[in-house]
Visitor: 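Once you've had a glance at the structure underneath, I'll fire off some questions.
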Amino acid sequence: MIVWLNGAFGAGKTSTARELVDLIPNSTLYDPEATGGSLRALLPAKRLAEVEDYQDLPMWRRLVVDTAAALLAEVGGVLVVPMTLLRQEYRDEIFGGLAARRIDVRHVLLASEETILRRRIEDRADYGDPETDARVRDWCHAHLAPYREALGWLAADAYTVDTSALSASETARDIADALESGRAASCGIVQTPRPTRETLASGVLLFDEHGRFLLVDPTYKPGWEFPGGVVESGEAPARAGMREVTEELGLELAAVPRLLLVDWEPPEPPAYGGLRFLFDGGGLGAADIGRLRLPGAELRDWRFVTEEEAADLLPPVRYRRLRWALRARERGTVLNLEAGVPAD
């Protein structure tokens, strides 16, 4: 199990985590800041200069998941992780990766009044160097606004402890009691098994009366996606797309969707790649759209978008696939792609 302590920079996550490992038997402290620091020795300076925060590096997010899983495999028990996550898509990616490894995550938010947070930030002097301390304080102050913006989803997702009047030891005791009583419940991110080989996956394009198509926002991976999922053993790809539409959206397609394209996705570690099918599921009327229901643990949101709007939502590989699927639909043909490009 992982106990993930979230909250604003300066909320006391690390000091609380140190107290918490003394209260939870067979527990170990893992600070992902150490993983971020190691990237200085691993990545070229040019790549590091492209981001303002280690969290913006996909490599950091993958390493946090892999390191946490490796630590648990090595020492067992409970891992206490003090780390601020203010971008929901990063939380989803990391927690989804942990869930895929069947690792139970308890998400805890340390919340304080902003005036108290600012005072704690000003009192920080962790590094013994005035210039470094000032830089850290400026960083913490600059992230208070993103913290306020994230409070909506944080409060809905995590067990919240108001630490305004609590010491680190008192906060840790509250968390330990909440874990024991079940008040700090498991995070609801869907558990999607990690592939161990190439996979087949089917997506379905569904259109509204204006010709826009439906995209969904998964909780367990970054970027938006087409409705659909992995083809199960012995299942026809088109039928898999129909099944996924029913499971994800609560809609039953009346007819088998028409194939638009097949795209071979090359393996890019840690992904294995495989064949990706995109089907034309036709149009949805107002009544169908009114019946859309999302599984909260798997999909966060849905929206109808234009091709231009999709460019800002889909990862590049899916956007290339989408563009060719729309061209195939316009021409009434089926396309064979390799790595997002027509093979012929």
Side-chain angles (χ1 to χ4, degrees), residues 87-89 92-93 96 149 152-153 156 190 192 200-231 236-263 265 275-337 339-342:
R87 293 186 60 167
Q88 192 172 15
E89 63 269 31
D92 292 344
E93 181 180 352
E149 295 172 3
W153 70 263
V190 68
T192 303
L200 304 181
S202 294
V204 181
L205 294 181
L206 300 166
F207 297 84
D208 68 4
E209 60 181 359
H210 303 293
R212 300 176 302 176
F213 47 89
L214 185 69
L215 294 181
V216 293
D217 185 12
T219 61
Y220 53 90
K221 63 181 178 180
W224 289 63
E225 182 61 282
F226 318 109
V230 173
V231 180
R239 299 290 177 175
M242 297 176 71
R243 171 182 54 77
E244 289 285 350
V245 167
T246 300
E247 293 177 359
E248 292 183 351
L249 305 174
L251 299 177
E252 293 191 10
L253 299 183
V256 177
R258 184 178 74 84
L259 180 64
L260 294 173
L261 62 77
V262 179
D263 186 14
E265 185 174 296
L275 291 179
R276 308 293 179 250
F277 300 85
L278 261 185
F279 294 90
D280 182 358
L284 297 180
D288 292 325
I289 295 173
R291 289 197 297 270
L292 289 177
R293 297 291 183 271
L294 301 182
E298 184 173 354
L299 299 176
R300 184 190 306 115
D301 199 4
W302 61 268
R303 68 176 68 170
F304 284 98
V305 300
T306 64
E307 182 177 342
E308 182 179 0
E309 291 168 337
D312 295 326
L313 299 174
L314 291 173
V317 64
R318 292 177 211 154
Y319 182 63
R320 290 195 299 269
R321 193 174 299 144
L322 165 74
R323 295 188 66 193
W324 285 114
L326 294 177
R327 302 295 85 78
R329 189 173 191 258
E330 293 168 358
R331 302 167 189 169
T333 189
V334 177
L335 293 177
N336 175 33
L337 309 184
V341 179

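These numbers come from a predicted model, not from an experiment. This chain uses plain numbering: 1 for the first residue, then up along the sequence.
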Visitor: Would you say that Val216 contacts Leu249 through its side chain, given a criterion of any heavy-atom pair below 4.5 Å between the two side chains?
Guide: yes

Visitor: What pairs with Glu247 under side-chain contact (heavy atoms from CB on, under 4.5 Å), at least two apart in sequence or on another chain?
Guide: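 By the side-chain contact (heavy atoms from CB on, under 4.5 Å) rule, Glu247 matches Arg243, Glu244.
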
Visitor: Side-chain donor-acceptor contacts of residues 275-285 below 3.5 Å, not counting sequence neighbours, with atom names and distances?
Guide:
{"from": "Arg276", "atom 1": "NH1", "to": "Thr199", "atom 2": "O", "distance (Å)": "2.7"}
{"from": "Arg276", "atom 1": "NH1", "to": "Thr199", "atom 2": "OG1", "distance (Å)": "3.3"}
{"from": "Arg276", "atom 1": "NH2", "to": "Thr199", "atom 2": "OG1", "distance (Å)": "3.4"}
{"from": "Arg276", "atom 1": "NH2", "to": "Gly273", "atom 2": "O", "distance (Å)": "3.3"}
{"from": "Asp280", "atom 1": "OD1", "to": "Gly282", "atom 2": "N", "distance (Å)": "2.9"}
{"from": "Asp280", "atom 1": "OD1", "to": "Arg329", "atom 2": "NE", "distance (Å)": "3.4"}
{"from": "Asp280", "atom 1": "OD2", "to": "Arg329", "atom 2": "NE", "distance (Å)": "2.8"}

Visitor: Measure the shortest side-chain to side-chain distance between Arg303 and Trp224 over non-hydrogen atoms and say whether it is less than 4.5 angstrom.
Guide: yes

Visitor: Restricting to side-chain contact (heavy atoms from CB on, under 4.5 Å), what partner residues turn up for Arg318, sequence neighbours left out?
Guide: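 With neighbours one apart ignored, the set is Lys221, Glu225, Phe226, Leu314, Pro315, Arg321.
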
Visitor: To the nearest 0.5 Å, how far apart are CG in Leu337 and CG in Asp263?
Guide: 4.5 Å

Visitor: Got a sec: does the CZ of Arg258 have more than 12 other heavy atoms crowding it under 6.0 Å?
Guide: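 Above 12, so yes.
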
Visitor: Could you list the residues that satisfy side-chain contact (heavy atoms from CB on, under 4.5 Å) with Arg320, not counting sequence neighbours?
Guide: Pro316, Val317

Visitor: A side-chain contact here means heavy atoms from C-beta on lying under 4.5 Å apart; do Leu205 and Leu322 qualify?
Guide: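 Yes, side chains in contact.
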
Visitor: Distance check, rounded to the nearest 0.5 Å: Asp301 atom CG versus Leu294 atom CG?
Guide: 7.0 Å

Visitor: Would you say Glu252's side chain and Thr246's backbone share a donor-acceptor pair under 3.5 angstrom?
Guide: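 Not a single qualifying donor-acceptor pair exists.
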
Visitor: Please answer whether the main-chain N or O of Phe213 pairs with a side-chain N or O of Asp208 as donor and acceptor at a distance below 3.5 Å.
Guide: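 Such a contact is absent between Asp208 side chain and Phe213 backbone.
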
Visitor: Taking side-chain hydrogen bond (donor to acceptor under 3.5 Å, both in side chains) as the definition, give me every residue that meets it alongside Glu330, ordered by chain and number, with sequence neighbours left out.
Guide: Arg327

Visitor: Which pair of heavy atoms, one from Ser202 and one from Ala240, lies closest together, and at what distance?
Guide: OG-CB, 4.3 Å

Visitor: Search all heavy atoms of Pro257 against all heavy atoms of Met242 and return the closest pair with its distance.
Guide: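 Nearest pair, atom of Pro257 first, then Met242: CD-CG, 3.4 Å.
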
Visitor: How close do Leu299 and Pro218 get, counting heavy atoms only, and between which atoms?
Guide: CD2-CA, 3.8 Å

Visitor: According to side-chain contact (heavy atoms from CB on, under 4.5 Å), who are the partners of Glu309, at least two apart in sequence or on a separate chain?
Guide: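 With neighbours one apart ignored, the set is Val305, Thr306.
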
Visitor: Roughly how far, to the nearest 0.5 Å, is CH2 of Trp324 from CG of Leu260?
Guide: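 Atom-to-atom, Leu260:CG and Trp324:CH2 are 13.5 Å apart.
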
